[in-house]
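Let me begin by presenting the structure, written as structure tokens, before commenting on it.
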Amino acid sequence: LLGQDILSMLMFGARSSLIIASVSSVLSLLLGVSLGLIAGYFRGWGDMIISRTMDVLLSFPVLLLSISLITVVSYISSSTAVRFGVIIFVLGFFGFPYIGRIVRGQVLSIREKEFVDASRSLGASNFWIMTKEIIPNVIGPILVYTTLTIPNFILGEAGLSYLGVGLNPPTASWGQMLPDAGNYFKVDPMYLFLPGLAIFITVLAFNLFCDGLRDALDPRSTR
């Protein structure tokens, strides 16, 4: 109806999925690393408040909340940029507790190491210790988990678009192509097969990249 062929929809759908997944991963990374670092390093009341907040967010039904929030926002504004922003916010904000808990656990272990005590005894500030001593030692798990969140966010965006609350035409999306292809399956089966294959290959590629990155950053692994 919009004069788009399958190849162009696949190409522009890849752009939409990768933009949303990448920006959502950056948002999740910034929130998760910052709050996990603060909770693990200072502990006490701050750790308890941040940890309980992350537990509450992990218990939210993200899919139902996403559908409700995007539906409400769509009544206010039908702009494509607004939909991009809402999807990115929902995926990134509700995804940060996972990496936050990982960072917190790593920081709790590293803050007790001898080199941290040595820096503290030499008069280093808390900000210096967190940025110069602790962050470089947790960069490996952070990178591995970040590459793992990108395919999850790609699937999240595809799922929302499949349900009709994600991106709307004329903006192309892999998840949007799947329900539309059901009307033309008998005429052109590739219309249904290709977007599913694109999602499968992209998610598989990121997962394999994540495994390779984990092996490369783990000094105890056998290569």
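- Crowding of Glu112 atom CD: a count of heavy atoms from other residues, nucleotides or ligands under 6.0 Å exceeding 12.
- Atom CE of Met11 has 12 or fewer heavy atoms from other residues, nucleotides or ligands within 6.0 Å.
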Please list every donor-acceptor pair under 3.5 Å in which a side-chain atom of residues 128-138 meets a protein atom from a residue at least two apart or in another chain.
from: Thr131; atom 1: OG1; to: Phe127; atom 2: O; distance (Å): 2.7
from: Thr131; atom 1: OG1; to: Trp128; atom 2: O; distance (Å): 3.4
from: Glu133; atom 1: OE2; to: Ser119; atom 2: OG; distance (Å): 3.0
from: Asn137; atom 1: ND2; to: Glu133; atom 2: O; distance (Å): 2.4

Enumerate, atom names and distances included, each donor-acceptor pair closer than 3.5 Å involving a side-chain atom of residues 13-22, sequence neighbours excluded.
from: Ser16; atom 1: OG; to: Phe12; atom 2: O; distance (Å): 3.1
from: Ser16; atom 1: OG; to: Ala172; atom 2: O; distance (Å): 3.0
from: Ser17; atom 1: OG; to: Gly13; atom 2: O; distance (Å): 3.1
from: Ser17; atom 1: OG; to: Glu157; atom 2: OE1; distance (Å): 3.1
from: Ser22; atom 1: OG; to: Leu18; atom 2: O; distance (Å): 2.7

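- Across every non-hydrogen atom of Gly32 and Ile99, the tightest pair is CA-CG2, 3.6 Å.
- Residue Phe42 qualifies as enclosed at atom CZ: its count of foreign heavy atoms under 6.0 Å is above 12.
- Nearest approach of Gly40 to Leu108, heavy atoms of both residues: O-CD2, 3.3 Å.
- In this structure, the side chains of Leu192 and Met177 stay at 4.5 Å or more apart for every pair of heavy atoms.
- To the nearest 0.5 angstrom, Leu155 atom CG is 9.5 Å from Thr202 atom OG1.
- In terms of heavy atoms, Phe96 sits closest to Leu57 at CE2-CD1, 3.4 Å.
- Hydrophobic clustering (ILVMFWY, side-chain heavy atoms < 4.5 Å, transitive): Ile6 and Leu197 are in one cluster.
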Discussion item. Checking Arg101 against Asp55 for the side chain to side chain contact (heavy atoms under 4.5 Å, CB included) test, could you report, in this order, the C-alpha distance in whole Å, the side-chain angles of both residues, the deciding distance, and whether it holds?
Written reply: CA-CA 9 Å; Arg101 297 182 69 174; Asp55 291 339; 3.8 Å; yes

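- Judged as a side-chain hydrogen bond (donor to acceptor under 3.5 Å, both in side chains), and not counting sequence neighbours, the contacts of Tyr41 are Asn126.
- Residue Ile201 holds its CD1 atom at 9.5 Å from CG of Leu194, rounded to the nearest 0.5 Å.
- Under the rule for a side-chain hydrogen bond (donor to acceptor under 3.5 Å, both in side chains), the partners of Arg120 that lie at least two apart in sequence or sit in another chain are Asp117.
- In this structure, CG in Leu178 is found 8.5 Å from OG in Ser173, a value given to the nearest 0.5 Å.
- Atoms CZ and CG, from Phe94 and Leu27 in turn, are 11.5 Å apart once rounded to the nearest 0.5 Å.
- Looking at heavy atoms from C-beta onward, Arg43 lies in side-chain contact with Arg111 at the 4.5 angstrom threshold.
- Nearest heavy-atom pair across Leu37 and Val103 is N-CG1, 3.8 Å.
- Atom OG in Ser161 sits 5.5 Å away from atom CD1 in Ile87 (nearest 0.5 Å).
- Ile110 and Leu122 fall into different hydrophobic clusters, where Ile, Leu, Val, Met, Phe, Trp and Tyr are joined by side-chain heavy atoms under 4.5 Å apart, directly or via other members.
- Residues Ile154 and Phe206 have side chains in contact (heavy-atom distance under 4.5 Å, counting atoms from C-beta outward).
- Interatomic distance, Thr53 OG1 to Leu58 CG, rounded to the nearest 0.5 Å: 11.0 Å.
- By the criterion of side-chain heavy atoms lying less than 4.5 angstrom apart, applied directly or through intervening Ile, Leu, Val, Met, Phe, Trp or Tyr residues, Leu91 is grouped together with Val82 in one hydrophobic cluster.
- Side-chain heavy atoms closer than 4.5 Å link hydrophobic residues (I, L, V, M, F, W, Y) into clusters, and following such links, even through other members, never connects Ile142 to Leu30.
- Cluster membership check: Trp174 does not share its hydrophobic cluster with Leu7, using side-chain heavy-atom separations under 4.5 Å among Ile, Leu, Val, Met, Phe, Trp and Tyr.
- With sequence neighbours excluded, the residues satisfying side-chain hydrogen bond (donor to acceptor under 3.5 Å, both in side chains) with Thr149 are Ser25.
- The two residues Thr146 and Leu29 come nearest to each other via the heavy atoms OG1-CD1, 3.4 Å.
- Think of Leu64 as one node in a network of Ile, Leu, Val, Met, Phe, Trp and Tyr side chains linked at under 4.5 Å; it has no links at all.
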